[in-house]
Q: 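Dropping the structure in here first, questions after.
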There are 2 protein chains.
Amino acid sequence: MRKRNACTICAVRQKALCRGLPEDQQGRLNRTAYHRHYDAGRFISGADQRQDWFATVLSGVIKLTKSLPDGRQQIVGLLFPADFLGRPFRGRSPFTAEAATAVELCCLDRCHFEDLLQKTPGLSQLFLERTLDEVDAAREWMFLLGRKTAEEKVASLILLVARRLRRAGADGGAERPAVHWDFPLSRTEMAEYLGLRIETVSRQIRALRSAGAIEVAEGRAIIVRDLAALERMAQKECE
Amino acid sequence: MRKRNACTICAVRQKALCRGLPEDQQGRLNRTAYHRHYDAGRFISGADQRQDWFATVLSGVIKLTKSLPDGRQQIVGLLFPADFLGRPFRGRSPFTAEAATAVELCCLDRCHFEDLLQKTPGLSQLFLERTLDEVDAAREWMFLLGRKTAEEKVASLILLVARRLRRAGADGGAERPAVHWDFPLSRTEMAEYLGLRIETVSRQIRALRSAGAIEVAEGRAIIVRDLAALERMAQKECE
DNA sequence: CGTGTCCTTGAGTGGCTTCAATCAGTGTGG
DNA sequence: CCACACTGATTGAAGCCACTCAAGGACACG
């Protein structure tokens with residue numbers, strides 16, 4: 001479950017929060033950091049439950065969910081490689097984190113990180129900028145949930161995942177989204193993120209397929225056949 | 001449109017971001033700060049448009065919206081007194097800010113504030129905590145948009161506004177939400193925040209009224225008759 | 001080969017929307 | 001003072017999109 005690793009060979013070091021630290025601090029952080037692995041579907045951290053560590057996602061996708069006693073559940077955020085997991089300055093997060101795919105985390109001690117956050121303006125600022133981006137992303141998604149049709153929702157989600165996976169990819173380069181990859185979410189999870197039912201998601205995927213925008217292949221693979229068409233169907237809106 | 005004012009007599013100074021500043025800095029800030037007033041319905045700042053100032057809301061309610069060329073519009077956030085308006089470290093915000101009611105702002109120069117933010121750990125941390133709270137609030141709202149029924153949505157909104165107005169009130173005290181006040185949003189705006197149509201909002205308000213949970217009076221006044229019932233109808237979920 | 005999980009497909013329903021008419025409140029001009 | 005226009009809210013009737021219920025297919029596992 002745990003092993004140490006060097007920041008210098010970290011796959012996400014160019015993009016993760018850690019780059020806000022000066023080198024000497026990075027070294028100190030490294031000495032206390034450790035890795036964790038979760039299989040797909042595993043519970044990571046809980047709503048209203050004390051968490052004494054934070055983490056950077058090294059690989060995989062994490063879903064943040066909120067659910068009601070009556071069974072209704074909504075995914076309220078996805079974390080991709082280089083994203084940060086945790087809620088500083090408050091013991092517990094109001095949401096549950098679960099591994100959507102197999103996940104590798106680089107974990108940091110809560111106190112140590114909060115301390116660093118207060119003492120390192122560069123880190124603090126980087127964290128703030130990221131958090132502001134998260135607010136924007138959440139609000140964009142609010143638009144999707146409130147105003148888009150089922151077809152637009154599904155198209156938007158595929159585009160969002162394509163872009164995020166592309167960005168998370170090792171190649172620092174192109175802004176153009178990936179066109180062929182394994183979709184990290186099940187139909188159920190797609191529905192939970194889009195505010196739809198699983199059957200509706202299935203039907204809309206079929207519609208996108210018939211329209212020639214995408215193709216679904218072996219396993220959970222999705223191939224973007226016609227990016228322009230997909231963007232048109234998403235109302236040029238996503239992320 | 002503009003006038004100066006002293007922080008010491010500021011109505012929101014206990015709750016606004018400024019309290020993250022040491023006194024001397026507060027004085028300096030005060031010398032460059034100025035007030036602005038907007039009538040209800042006025043445009044304040046725009047999507048994708050450079051904004052060279054930030055502001056603290058002194059009174060009134062601001063709505064943040066996103067809209068598509070085809071006319072669909074969604075309110076993605078509300079700002080109440082003591083809240084902060086603006087998007088540091090990025091020229092333009094992706095959302096439009098409009099006055100929902102008459103609004104009074106205390107404005108700060110963008111460069112000056114960003115500078116302060118980098119130099120003042122206390123301010124930066126306070127800002128970060130607030131931003132984290134905003135992410136949480138946005139995600140809670142995502143749940144509402146994706147999973148709640150029309151009736152639950154309307155009940156949740158009334159509760160949210162009751163709590164926020166209460167908190168914004170001069171009395172620092174009680175956590176119990178206000179029970180009688182002028183609702184700051186029109187039916188259209190309620191619909192735009194809830195992902196509903198105006199007619200549906202109207203019908204659900206009637207339902208809440210028939211159920212004895214609320215009462216609507218002169219103008220836009222709303223009276224909470226049965227708080228427990230209202231919370232039950234909102235699924236004990238809001239904000 | 002049976003069982004379980006995930007996804008797909010079909011048929012019918014229902015909740016919210018759409019379209020439309022009415023009402024209340026306010027301001028304007030004759 | 002009243003007729004008229006205009007805006008925001010309410011109410012009714014009809015329609016549609018996504019949901020619900022149900023069955024069946026694909027695939028993995030023991």
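Here is how names work: the chains are called A, B, and so on, in the same order as the sequence lines, proteins then strands, and each is numbered from 1.
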Q: Using side chain to side chain contact (heavy atoms under 4.5 Å, CB included) as the criterion, list what pairs up with A:A221, not counting sequence neighbours.
A: A:H180, A:D182, A:A217

Q: Taking atom P of D:dC17 as reference, at what distance in whole Å does atom CZ of B:R72 sit?
A: 13 Å

Q: Could you tabulate the donor-acceptor pairs under 3.5 Å formed by side-chain atoms of residues 194-202 of chain B, not counting sequence neighbours?
A:
none

Q: Identify, residue by residue, the members of residues 180-196 of chain B with a heavy atom below 4.0 Å from DNA chain C, and return them in order of residue number, or none.
A: B:G195, B:L196

Q: In this structure, how many angstroms lie between the C1' atom of C:dG10 and the CZ atom of A:R206, rounded?
A: 12 Å

Q: Just compare C:dC16, D:dA9, D:dA18 and give me whichever is closest to any side-chain atom of B:A150.
A: C:dC16

Q: Given side chains that start at C-beta, do those of B:F84 and B:V57 come closer than 4.5 Å, heavy atoms only?
A: no

Q: Who pairs with A:R206 by salt bridge (charged side-chain N to carboxylate O under 4.0 Å, His left out), at least two apart in sequence or on another chain?
A: none

Q: Tell me the ring-ring contact (aromatic ring centres under 6.0 Å, His included) pairs involving residues 188-228 of chain A, sequence neighbours left out?
A: A:W141-A:Y193

Q: Whole angstrom is fine here: how far is it from CZ in B:R147 over to C1' in C:dC16?
A: 16 Å

Q: Quick one, which residues of residues 208-219 of chain A touch DNA chain D with a heavy atom under 4.0 Å?
A: none

Q: Are A:R36 and A:W53 in a cation-pi contact, defined as NZ or CZ under 6.0 Å from the six-membered ring centre and within 45° of the axis?
A: yes

Q: Applying salt bridge (charged side-chain N to carboxylate O under 4.0 Å, His left out), name anything that partners B:R42, two or more places apart in sequence or on another chain.
A: B:D39

Q: Hey, does the side chain of B:S202 come within less than 4.0 Å of D:dA9's phosphate (OP1/OP2), counting only N and O?
A: no

Q: Taking ring-ring contact (aromatic ring centres under 6.0 Å, His included) as the test, write out the residues that go with A:F183, two or more places apart.
A: none

Q: Which nucleotide, C:dC7, C:dC19, C:dT8, lies nearest any side-chain atom of B:E199?
A: C:dC19

Q: Which residues pass the salt bridge (charged side-chain N to carboxylate O under 4.0 Å, His left out) test with A:R72, sequence neighbours left out?
A: A:D70, B:E152

Q: Which nucleotide wins on minimum distance to the side chain of A:R197, given the candidates C:dC16, D:dC19, D:dA9?
A: D:dC19

Q: I'd like a list of close polar pairs between nucleotides 13-16 of chain D and the protein, N/O only, cut-off under 3.5 Å.
A:
from: D:dA13; atom 1: N6; to: B:R203; atom 2: NH2; distance (Å): 3.4

Q: Mind checking what makes salt bridge (charged side-chain N to carboxylate O under 4.0 Å, His left out) contact with B:E134, not counting sequence neighbours?
A: A:R139

Q: For the helix from C:dC1-D:dG30 to C:dG30-D:dC1, figure out the bend between the end axes, five pairs an end, and round to 10 degrees.
A: 20°

Q: Is any side-chain N of the basic residue among B:K66 and A:E140 closer than 4.0 Å to the acidic one's carboxylate O?
A: yes

Q: Quick one: A:R220 CZ to C:dC6 P, roughly how many Å, whole number?
A: 8 Å

Q: Do B:R163 and B:L165 have side-chain heavy atoms sitting under 4.5 Å apart?
A: no

